[in-house]
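Treat the numbers as computed from the prediction; the structure is a model and nothing was measured. Residue numbering restarts at 1 for every chain, and letters A, B, ... go by the order of the sequence lines.
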Amino acid sequence: MEKRTHHCGELRPTDAGAKVRLVGWIDSVRDHGGVLFVDLRDREGLTQVVVHPGERSIDEALAHFKPESVLEVEGEVVLREESTINPRMVTGEVEVAARRVELLNQSRTPPFPLEEGKAEKVGEDLRLRYRYLDLRRRRNFEALRLRHRTAQAVRRALDAEGFLEVETPVLFKSTPEGAREFLVPSRLNPGDCYALVQSPQQYKQMLMVAGVERYFQLARCFRDEDLRADRQPEFTQIDLEMSFIDREDLYGLIERLMAAVWREVEGTELSLPFPRLSYAEVMNRYGSDKPDRRFGMELVGLDDLFAESAFKVFAGALASGGTVKAVNAQGLADLTQGELKHLEETAKSLGAKGLAYIKVENGEWRSPILKFLSAGERAGLEERLALKEGDVAFFAAGDWEGSCTILGRIRLEAATLLEKRGQLHRDPRDWRFLWVVDFPLMLFDAEEGRYLAAHHPFTAPVEEDLELLDREPQAVRGQHYDLVLNGVELGGGSIRIHRADLQKKVFEEVLGLDPQVVEDRFGYLLEAFSYGAPPHGGIALGFDRLVALLADRASLRDVVAFPKTQKGQDLMAAAPGSVTERQLRDLYLQAVEA
RNA sequence: GGGGUAGUAGCUCAGUUGGUUAGAGCGCCGGCCUGUCACGCCGGAGGCCGCGGGUUCGAGUCCCGUCUAUCCCGCCA
């Protein structure tokens, strides 16, 4: 094989007459009996190779070459005749007249078509099994390239801000609370296990104690939880930590980082700073802690309107300390029975007893709950929800968080239905960044009967709430922040606790962890804090999610080179797989019945 | 652990009320074709109807179970 002179997306009319050598894959063969065409493809593009009847040895060979075979072509660049120019190809004004071709490797017939438009419809399991073929497709390769460019932009921007890229161990130890972990048995320490890091949280705090001051890493993280379209068992975070900062410093840094990435990768200027909303406000207005603010349809609070209501479902919810809210899906009164049923089931799956609604059709209100509403209540609803012809409003009544969440989901489902009707559009290139702040530090877990850290136990309380820590832990706000973009939680972080006494108090007194467990799991961390830990804080952003948004792809699998299925399998390599008895014995493990 | 959707030719799909020989397009194989770029034309091969059980004279079709993929709930400090 000789070296190529050009790649397949490169030749232009100004190259006419040049002797060139191309290498690539056969994208398609069009054999006309006399003249024969081959589209040769490499990662940069497509070039048409033409073989004229005079070159009999070549066309006889080529006619039998199969698509996806690897080919080397030598020939001359010629201008195409006016009528044969292909305006849809960037190389469409020229072609390479072959003088010599060499088959570098014959391909079997691919198990699925690789052409755009056909490949998308092929079952994903088949495409994952032959991932190396699916990645040959332009669209998928470009996702990998976009990921690379994003990573480079992140590195450049953070380097310019004075950050050091430091690699931290993947083999860590098991930590109480948090995600389920992948365990790795230790051969040298019989019976003991490593755990793969859920995130480098503790290591990066140690780097702050070590005086690194500004650390970042494109960190691989592992969580043995059930998968979703936006969750892979191994994933990548833009993980960073800074010393001597407050929340404002962090917000500014991340805003500059996002602006740099968008400038380089998207070619757009983001408007800074990003808006900030409290957790309470986004829940009240959008029913989600990661709201999509590309459209309105905000939730409306109705507590005062129904406090004295004769409608027991609403009045009862309020009497027991809950809330009544509604959302007006403007223009959706024409929803079908099936769509309505689907919405009801969505609400029920989130804990609702049902889904009350009011439709406005032909100037009339239609609703199963109409008969329970007083004239005053109807007037109040009409005004607050701005109900007009063609609208449908949905209601939720019950505990505050649950009701907000239910309507938040209804809001998103309604948006999808309106989008189908062409009445609403969520532009994937309409970038609505948002900081969500003022999260509660603790949440009470009714099942376990104790408080759990809302984010993680290293989050520092807001200074002025410190005194509430003993009396009213649920009222303490954490110095935690989430970065949200178009309904996707890009990541979160916090200012950390850096004093050993406060950290110990949170572990033992507030979270109620056993002192021995605290010593075993976090002893080294508390010890480190006693040697002059600087005030510090940081954030971790989901790199895969970031790339998926930039690439406008629905699933993380589309922006990961070799993704895992919902059962955590790599269908191409067939991982995980069984191991031998001998391997288990070396690790002091024994298989038990499943 | 739970709910939804899908599984018929290599791929994408159709398959009526349960009815005897399961179809189409693309791909594949063979032939023809000197300007195509989704080339075209002619011919051909190709099926464990996901798997297991049941109902029935008869099952791709109905019932039960199961497997796989996917979306969601739980879970994801």
Side-chain angles (χ1 to χ4, degrees), chain A residues 27-40 46-54 59 63-64 66-68 78 80-89 91-92 95 97 108-130 175-181 198-199 201-202 221-233 235 341-342 345-351 405 409 412-413 441-443 445 447 451-459 478 480 489 492 494 506-507 511 513 521 540 542 554-555 557 564-567 569 571:
Chain A
D27 201 73
S28 68
V29 179
R30 293 178 295 281
D31 181 2
H32 286 249
V35 70
L36 178 149
F37 302 96
V38 172
D39 287 342
L40 196 66
L46 218 57
T47 297
Q48 175 164 288
V49 175
V50 61
V51 181
H52 292 290
D59 64 34
H64 293 92
K66 295 164 73 83
E68 297 309 316
V78 295
R80 296 199 199 178
E81 274 179 44
E82 189 78 36
S83 62
T84 63
I85 286 174
N86 185 343
R88 293 192 305 280
M89 289 172 74
T91 59
E95 61 196 0
R108 296 166 62 183
T109 300
F112 60 90
L114 300 187
E115 298 134 83
E116 300 299 319
K118 282 185 186 168
E120 288 73 35
K121 292 179 170 179
V122 175
E124 199 178 1
D125 46 345
L126 191 70
R127 288 185 288 124
L128 286 176
R129 186 160 153 230
Y130 298 94
T175 53
E177 306 197 45
R180 185 177 296 115
E181 296 159 321
Q198 305 175 38
S199 82
Q201 180 64 32
Q202 294 179 48
C221 306
F222 306 86
R223 293 179 189 175
D224 189 10
E225 297 288 352
D226 286 359
L227 279 65
R228 291 283 190 282
D230 62 351
R231 273 162 34 189
Q232 283 274 305
F235 60 100
K341 190 156 176 264
H342 175 72
E345 276 160 11
T346 299
K348 283 181 183 168
S349 78
L350 294 170
T405 303
R409 270 294 290 277
L412 291 178
E413 297 279 349
L441 186 66
M442 314 282 172
L443 297 170
D445 186 297
E447 264 178 47
Y451 287 96
L452 295 176
H455 178 48
H456 61 48
F458 313 112
T459 301
H480 172 69
E489 182 192 329
S494 61
V506 166
F507 282 144
L511 297 177
L513 292 179
R521 305 296 190 182
S555 168
R557 292 187 298 275
K564 300 218 166 23
T565 68
Q566 198 158 47
K567 280 192 69 186
Q569 296 190 325
L571 294 180

(request) Look at the side-chain N and O atoms of A/Thr84 and state whether any lies under 4.0 Å from the OP1 or OP2 oxygen of B/U36. (result) no

(message) Just to be sure I understand the rule, does A/Glu124 reach a base, reach only the sugar-phosphate, or reach nothing, if contact means heavy atoms closer than 4.0 Å?
(response) sugar-phosphate

(request) May I ask you to evaluate whether A/Arg30 reaches the phosphate of B/U36, defined as a side-chain N or O under 4.0 Å from OP1 or OP2? (result) no

(request) Could you check which of B/C76, B/U36, B/C71 has an atom nearest any side-chain atom of A/Glu225? (result) B/C76

Tabulated below should be each protein N or O lying under 3.5 Å from an N or O of nucleotides 1-10 of chain B; please produce it.
unit_1	atom_1	unit_2	atom_2	d
B/G10	O2'	A/Pro111	O	2.6

(message) Base contacts versus sugar-phosphate-only contacts with protein, heavy atoms under 4.0 Å: please encode nucleotides 41-46 of chain B as B, S and - from 5' to 3'.
(response) ------

(message) Strictly below 4.0 Å: does A/Arg88 bring a side-chain N or O up to OP1 or OP2 of B/A38?
(response) yes

(request) Give the nucleotide from the list B/A69, B/G35, B/C75 with an atom nearest to the side chain of A/Arg80. (result) B/G35

(request) Would you mind telling me which of B/G35, B/C37, B/U70 lies closest to the side-chain atoms of A/Thr565? (result) B/U70

(message) I want to check one thing: is the phosphate of B/A69, taken as OP1 and OP2, less than 4.0 Å away from some side-chain N or O of A/Gln569?
(response) yes

(message) Under 4.0 Å, heavy atoms only, any strand: does A/Arg409 hit a base, just the sugar-phosphate, or nothing?
(response) sugar-phosphate

(request) Name all residues meeting the side chain to side chain donor-acceptor pair (under 3.5 Å) criterion together with A/Ser83; count only those two or more places apart in sequence or in a different chain, and write none if there are none. (result) none

(message) For nucleotides 28-34 of chain B, give me one character per nucleotide, 5' to 3': B if any protein heavy atom sits under 4.0 Å from the base, S if the only such contacts are to the sugar-phosphate, - if neither.
(response) SS---BB

(request) From the options B/U36, B/U12, B/A69, select the nucleotide whose nearest atom is closest to the side chain of A/Asp125. (result) B/A69

(request) Return the 5'-most residue of the pair A/Gln566, A/Phe37 with respect to RNA chain B, ranking by each residue's nearest nucleotide. (result) A/Phe37

(request) With the side chain of A/Leu571 defined as its heavy atoms from C-beta on, choose the nearest nucleotide among B/C37, B/A69, B/C71. (result) B/A69

(message) Going by ring pair (Phe, Tyr, Trp, His ring centres under 6.0 Å), name the residues that satisfy it together with A/Tyr451, two or more places apart in sequence or in a different chain.
(response) A/Phe444

(request) Can you sort out the partners of A/Thr175 under side chain to side chain donor-acceptor pair (under 3.5 Å), two or more places apart, ordered by chain and number? (result) A/Glu181, A/Gln198

(message) How long is the straight-line distance from SG of A/Cys221 back to CD of A/Gln201, given to the nearest 0.5 Å?
(response) 10.5 Å

